[in-house]
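Here's the structure, in structure tokens; my notes come after.
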Amino acid sequence: MSKDLTSRATDYSKWYNDIVVKADLADHSAVRGCMVIKPYGYGIWENMQKSLDKMFKDTGHVNAYFPLFIPKSLFEAEEKNAEGFAKECAIVTHYRLKTDPNNPGKLMVDPEAKLEEELIVRPTSEAIIWNTYKGWIQSYRDLPILVNQWANVVRWEMRTRLFLRTAEFLWQEGHTAHATKEEAIIESEKMLHVYADFVENWMAVPVVKGLKTANERFAGADETYCIEALMQDGKALQAGTSHFLGQNFAKAFDVQYVTKDNKKEYVWATSWGVSTRLMGALIMSHSDDNGLVLPPKLAPIQVVIVPIYKTEEGLSKINEVVFKLKANLQAKGISVKYDDSDTRKPGWKFAEHELKGVPVRIGIGERDIENGTIELARRDTLTKETVAIDGVENVIENLLNDIQANLFNKAKERQINSTYKVDSYEEFKKTLDEKPGFISAHWDGTPETEEKIKEETKATIRCIPLDNTLEDGVCIYSGKPSKQRVLFARAY
RNA sequence: CGGGGUGUAGCGUAGUUGGUAUCGCGCCACGUUUGGGACGUGGAGGCCGUCAGUUCGAGUCUGGCCACCCCGACCA
């Protein structure tokens with residue numbers, strides 16, 4: 001029925017790829033690991049950007065833009081950060097091509113155009129930004145700096161998947177500078193909550209807020225906060241991170257400020273980011289075997305109207321009603337598409353808009369015109385009902401809210417039902433294989449144990465939940481004492 | 001980056017012992033249709049991923065490269 005979409009049960013990862021391509025979100029490009037984001041997919045990303053950007057501005061941040069290239073000497077300044085990213089960097093070594101004398105019509109790298117110093121294509125921008133901040137900060141009066149940038153970054157990943165892990169991806173990265181440790185910690189926690197708010201209330205994807213373990217921490221951070229979401233196949237996806245960077249970058253780039261009592265202090269830093277990976281989370285959280293399911297708040301088209309007619313006169317009668325309805329809906333801020341192209345039949349349009357996840361579909365035919373009704377179909381439940389056209393604008397407005405809430409509730413229920421408390425390693429392994437999801441278990445707090453569990457089961461500690469209750473227990477692996485449970489899962 | 005697989009029209013595919021390529025969907029034209037991916041008739045569309053080699057002749061055999069998929073390693 002739905003254009004040969006692989007079902008989730010048949011092959012979950014093929015289903016995901018099928019949706020991305022068939023719903024016109026993105027495509028593979030001629031460049032290894034890099035995708036083309038198509039207009040429909042980009043429309044969703046733009047809606048995400050719009051909401052997030054407003055949230056950043058509302059919390060006092062401003063946007064700026066820093067260069068794509070980072071000179072190697074700057075890149076290596078913060079040692080841990082450089083080390084963490086070294087294995088996945090694209091490097092510019094030359095700045096010119098020339099025609100190849102041995103190969104007519106072909107170009108070659110001009111060996112004489114070798115750069116004195118290599119340029120690193122940013123995998124993240126801390127280095128170039130902190131090098132810049134050095135010039136911006138002298139006194140406590142210059143602080144805080146609350147800057148965000150929307151940008152692309154490159155990480156040379158070995159295995160890529162559309163949206164989930166691409167060699168180049170789009171993201172935003174906030175980089176803030178503060179006078180005190182407390183203020184920086186408050187900032188990184190604040191932005192974590194902004195992310196959680198966005199992902200839950202706009203994307204309708206429930207998350208667990210937590211802290212990363214030392215093993216999973218951002219290279220160069222003192223503490224990494226994260227939000228973790230659970231996909232339909234029971235695998236976890238890190239949806240956003242916020243880092244408390246301590247004074248690591250300030251020290252690496254010698255960024256000091258003069259305090260009120262004329263003392264020099266290193267600046268405290270945070271950085272935080274979410275990427276086009278969120279698109280992957282969105283797709284895998286709500287979609288079904290008929291295609292994409294979009295939460296109304298992010299859908300490029302919230303309502304699609306499909307006319308059903310036999311004659312030109314029939315169509316013009318329908319048009320009259322639809323134009324008015326469309327204007328009324330738009331006046332309420334609802335995005336509406338009237339799909340009146342006569343090159344497709346209604347059945348085809350129904351299937352197509354389902355595949356693309358349009359939250360609400362209106363069918364309106366000559367029969368409806370006589371009866372003063374329309375057919376309302378909702379994407380999340382795939383149900384339809386015939387309702388009076390009078391006052392339907394309010395009905396639709398409420399319906400969109402209902403769908404938004406329903407998607408979140410369904411995902412939340414799934415998350416709760418897929419989170420298991422486990423108290424032995426045997427049970428831990430069994431649960432991972434038989435009922436994938438979050439596993440809440442005791443851990444002795446050592447990187448060694450974490451590493452062993454990862455080696456043996458491929459499960460990692462997703463986070464130490466922020467709202468954790470302390471309880472005495474023993475580590476499922478080592479049997480050593482533990483004071484709290486942490487959240488394990490296999491992850492994307 | 002290691003192991004395995006795939007690449008033929010926009011998409012999905014067939015192709016035998018080596019002889020310029022099959023079918024379906026889609027596309028175009030006309031007609032009939034239009035409340036869940038319509039039907040008929042006619043038509044167009046191909047450097048068989050790419051580069052080289054073997055051969056009188058390569059989709060088919062050999063090698064390199066590129067891309068994608070799966071499994072590993074890697075992935076703040």
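Labels below follow one simple rule: chain letters A, B, ... track the order of the sequence lines, proteins then strands, and each chain is numbered from 1.
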Between R490(A) and D433(A), is there a side-chain N and carboxylate O pair less than 4.0 Å apart?
yes
Expressed as a whole number of Å, how far does the C1' atom of rA67(B) sit from that of rC51(B)?
15 Å
Which value, in whole Å, describes the distance between the P atoms of nucleotides rC65(B) and rC56(B)?
28 Å
Please state the P separation for the pair rA44(B) and rG59(B) - nearest whole angstrom.
23 Å
Residue whose closest nucleotide on RNA chain B lies nearer the 5' end, L162(A) versus D342(A)
D342(A)
NA contact type, D368(A), heavy-atom cut-off 4.0 Å: base, sugar-phosphate, or nothing?
base
OP1 or OP2 of rG36(B) less than 4.0 angstrom from a side-chain nitrogen or oxygen of H353(A), does that happen here?
no
Looking at rG19(B), which nucleotide sits across from it as a Watson-Crick or G-U wobble partner, both distances under 3.5 angstrom, or is there none?
rC56(B)
Quick check: W272(A) with F56(A) (ring centres under 6.0 Å apart)?
yes
For rC30(B), the Watson-Crick or wobble partner whose two distances fall under 3.5 Å
rG40(B)
Among rC27(B), rG36(B), rU34(B), the one nearest K384(A) by side-chain distance:
rG36(B)
Using the P atom on both, measure rC68(B) against rC28(B) and round to a whole Å.
31 Å
Respond yes when some side-chain nitrogen or oxygen of R32(A) is under 4.0 Å from OP1 or OP2 of rC1(B), and no when none is.
no
Strictly by Watson-Crick or wobble contacts shorter than 3.5 Å, is anything paired with rG35(B), and which nucleotide is it?
none
Take atom P in rG10(B) and the same atom in rC27(B), then report the distance between them in whole Å.
14 Å
Has K349(A) got a side-chain atom pairing as donor or acceptor with S341(A)'s backbone, closer than 3.5 angstrom?
yes
OP1 or OP2 of rC69(B) sitting under 4.0 Å from any side-chain N/O of R159(A)?
no
If I take atom CD1 in residue I364(A) and atom P in nucleotide rG35(B), what distance separates them, rounded to the nearest angstrom?
15 Å
Distance-only, no hydrogens or angles: does the S285(A) side chain make a donor-acceptor pair with backbone N or O of M231(A) under 3.5 Å?
no
For I308(A) and rA38(B), what is the distance between atoms CD1 and P respectively, to the nearest whole Å?
13 Å
Between rG15(B) and rC23(B), how far is it from one P atom to the other, in whole Å?
14 Å
Which one is paired to rG45(B), where only Watson-Crick or G-U wobble pairs with both distances under 3.5 angstrom count?
none
Separation of rU34(B) C1' from E312(A) CD (nearest whole Å)
12 Å
Return no unless some side-chain N or O of K349(A) is found under 4.0 Å from OP1 or OP2 of rG36(B).
no
Side chain of N17(A): nearest nucleotide among rC70(B), rC1(B), rC68(B)?
rC70(B)
Please give, in whole Å, the distance from rG35(B) C1' to E366(A) CD?
11 Å
Tell me whether the OP1 or OP2 atom of rC39(B) has a side-chain N or O from K345(A) closer than 4.0 Å.
no
If pairing requires Watson-Crick or G-U wobble contacts with both distances under 3.5 Å, which nucleotide is the partner of rC1(B)?
rG72(B)
What nucleic acid atoms does E375(A) come within less than 4.0 Å of, heavy atoms only: base, sugar-phosphate, or nothing?
base
If you look at every strand shown and take non-hydrogen atoms under 4.0 Å, does K87(A) touch a base, only sugar-phosphate, or nothing?
sugar-phosphate
E366(A) and Y309(A): side chain donor to acceptor below 3.5 Å:
no
Is there a donor-acceptor contact under 3.5 Å linking the side chains of H61(A) and E187(A)?
yes
Salt bridge check: are K212(A) and E228(A) linked by an N-O gap of less than 4.0 Å?
yes
Give R165(A) one of three labels, base, sugar-phosphate or nothing, depending on what nucleic acid heavy atoms sit under 4.0 Å from its own.
base
Side-chain atoms of F350(A) come closest, of rC70(B), rC27(B), rG36(B), to rG36(B)
E83(A) CD to rC74(B) P, in whole Å, measures 16 Å
Identity of whatever pairs with rC11(B) - Watson-Crick or G-U, under 3.5 angstrom
rG24(B)
What does G33(A) touch in the nucleic acid at a heavy-atom separation under 4.0 angstrom: a base, only the sugar-phosphate, or nothing?
sugar-phosphate
Is S13(A) close enough to rC69(B) that one of its side-chain N or O atoms is under 4.0 Å from OP1 or OP2 there?
no
Between rA29(B) and rG36(B), how far is it from one P atom to the other, in whole Å?
26 Å
Mind checking if R277(A) touches a base, just sugar-phosphate, or nothing, with heavy atoms under 4.0 Å?
nothing
Can you tell me how far P in rC47(B) sits from the matching atom in rC70(B), rounded to whole Å?
29 Å
Watson-Crick or G-U counterpart of rG63(B), or none if no pair lies under 3.5 Å:
rC51(B)
Closest nucleotide among rG36(B), rC69(B), rA73(B) to the H28(A) side chain:
rC69(B)
Between D233(A) and Y16(A), do the side chains contain a donor N or O and an acceptor N or O under 3.5 Å apart?
no
Output the rounded distance in Å from NZ (K14(A)) to P (rC71(B)).
14 Å
Base orientation of rU20(B), chi within 90° of 0 counted as syn, else anti, reads syn
Between CG of D340(A) and P of rG35(B) the distance, given in whole Å, is 16 Å
May I ask you to say what G365(A) touches in the nucleic acid, namely base, sugar-phosphate or nothing, with a heavy-atom cut-off under 4.0 Å?
base
Integer-rounded Å distance: rC74(B) P and E455(A) CD
8 Å
Centroid-centroid distance, F488(A) to F428(A), less than 6.0 Å:
yes
